[in-house]
2 protein chains.
Amino acid sequence: MMSYNIDVCQYRDMKTRKLTNPCCSPLLAGAIEPESAAEMATLFRVLGEPARLQLLGLIAQQPEGEICACDLVEPLGLSQPTVSHHLKVLYEAGLLDKERRGTWIYYRLVPEPFERLRAALAIPQIPQP
Amino acid sequence: MMSYNIDVCQYRDMKTRKLTNPCCSPLLAGAIEPESAAEMATLFRVLGEPARLQLLGLIAQQPEGEICACDLVEPLGLSQPTVSHHLKVLYEAGLLDKERRGTWIYYRLVPEPFERLRAALAIPQIPQP
DNA sequence: CACCAATATTGATGATTATCGATATTGGTA
DNA sequence: TACCAATATCGATAATCATCAATATTGGTG
């Protein structure tokens, strides 16, 4: 398992490999402009639904990193239109990618927004100057 | 600034100092039981409101780590009852502590739930066995 | 083309909730 | 006690949204 040095108060983006500082992230590091708060709130609101969290969990669970939408209806115990609705919300929020292959549509996670939210939730350990 | 080794796929709780594995965290590491999803969704839903994110940002911004509720109404541009309502929601979700000192009530962040959510948002880098 | 399976959309309904003004409560002070 | 400031609660309203059945669309297959 790869391992590297990471500062308590820093955070390495999994994609860009760049270090960012969650201490200075929008959410918990200071005053937020209303627009920024609105953007972030939208993402959190999308996550604030049990069915959507279950969907994300099921997708993340796949070894291939993707899953057919047809395999998501039964485990959720919701109707097909409802599951389709939730997938659309997740997709339009930028949390999921989708790819059509024939009749089926495969969904996979988009890592960046999750990492952005993670950074935003980091609590500053050192008081702001 | 303190710095230590942390595994890409692990995560050290800021409070307990114990290592946990976000790869095995509820959200993005596999199937979620509906109850667990509901708990976590509740927290995310609480965060899914711009006014509440602004409140958290303002509180986190304070060097003392706390702020009087009376100083939160004006910067939010919302009525006092509305701000009081949002503070109550945050408090009842366990995201805020409050302490009455005379007429004033001081709010501060509770770190654990934020760290729990951070762990839940960690995307597994290594496929599940 | 017709037919079927997977997925999306529509329309309706019930539940939740953000917001406010008005009012109540609480604590300090005179 | 009376009075004031800070905070909370109440009641109402408007908006959002999760859910479903019904239906439409899309793509493959014969």
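Everything quoted here is computed from the prediction, not taken from an experiment. Here is the naming used below: chain letters follow the sequence lines, and residue numbers restart at 1 for every chain.
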- Query: Does NZ or CZ of B/R101 lie under 6.0 Å from the centre of the six-membered ring of B/Y106, at an angle within 45° of the ring axis?
  - Reply: yes

- Count the heavy atoms belonging to other residues, nucleotides or ligands that lie under 6.0 Å from CD of B/E99, then report whether that count exceeds 12. yes

- Item | Close side-chain approach of B/L47 to A/L121, heavy-atom, < 4.5 Å | yes

- Note on the structure: Side-chain atoms of A/K98 come closest, of D/dT7, C/dT7, C/dA8, to C/dA8

- Ignoring hydrogens and angles, tell me if any N or O in the side chain of B/R52 forms a donor-acceptor pair with the backbone of B/V46 under 3.5 Å. yes

- Specify the separation, in whole Å, of atom CH2 of B/W104 and atom P of D/dA6. 7 Å

- Query: Given the rule that I, L, V, M, F, W and Y join up when any side-chain heavy atoms are under 4.5 Å apart, are B/L53 and B/L58 in one cluster?
  - Reply: yes

- When rounded to whole Å, the CD to C1' distance for the pair A/E92 and D/dT16 reads 16 Å

- Between B/L76 (CG) and D/dT7 (P), how many Å, whole number? 14 Å

- Can you tell me if the side-chain N/O atoms of B/R45 get under 4.0 Å from OP1 or OP2 in C/dT16? no

- Item | Whole-Å gap separating C1' (C/dA5) and CD1 (A/I105) | 13 Å

- Task: Tell me whether the guanidinium CZ or amine NZ of A/K98 lies under 6.0 angstrom from the six-membered ring centre of A/Y91 and within 45° of its axis.
- Result: yes

- Task: For the pair A/R118 (side chain) and B/R118 (backbone), establish whether a donor and an acceptor sit closer than 3.5 Å, ignoring hydrogens and angles.
- Result: yes

- Query: How many angstroms lie between atom CD of A/Q80 and atom NE2 of A/H85, to the nearest 0.5 angstrom?
  - Reply: 13.0 Å

- Message: If you count every heavy atom of other residues, nucleotides or ligands that lies below 6.0 Å from A/E74 atom CD, does the total exceed 12?
- Response: no

- Spacing of A/L72 atom CG relative to C/dA5 atom P, expressed in whole Å: 20 Å

- With respect to the phosphate group of C/dT7, does any side-chain polar atom (N or O) of A/K88 fall under 4.0 Å of OP1 or OP2? no

Please tabulate the protein-to-nucleotide N/O contacts below 3.5 Å involving nucleotides 19-23 of chain C, giving atom names and distances.
residue	atom	partner	partner atom	Å
C/dT19	OP2	B/H86	NE2	2.3
C/dC20	OP2	B/S79	N	3.1
C/dC20	OP2	B/S79	OG	2.9
C/dC20	OP2	B/T82	OG1	2.6

- Quick one: A/L55 CG to D/dA18 C1', roughly how many Å, whole number? 13 Å

- Reckon A/Y107 touches a base, only the sugar-phosphate, or nothing at all at heavy-atom distances under 4.0 Å? sugar-phosphate

Between N or O atoms, less than 3.5 Å apart, protein on one side and nucleotides 25-30 of chain C on the other: list the pairs.
none

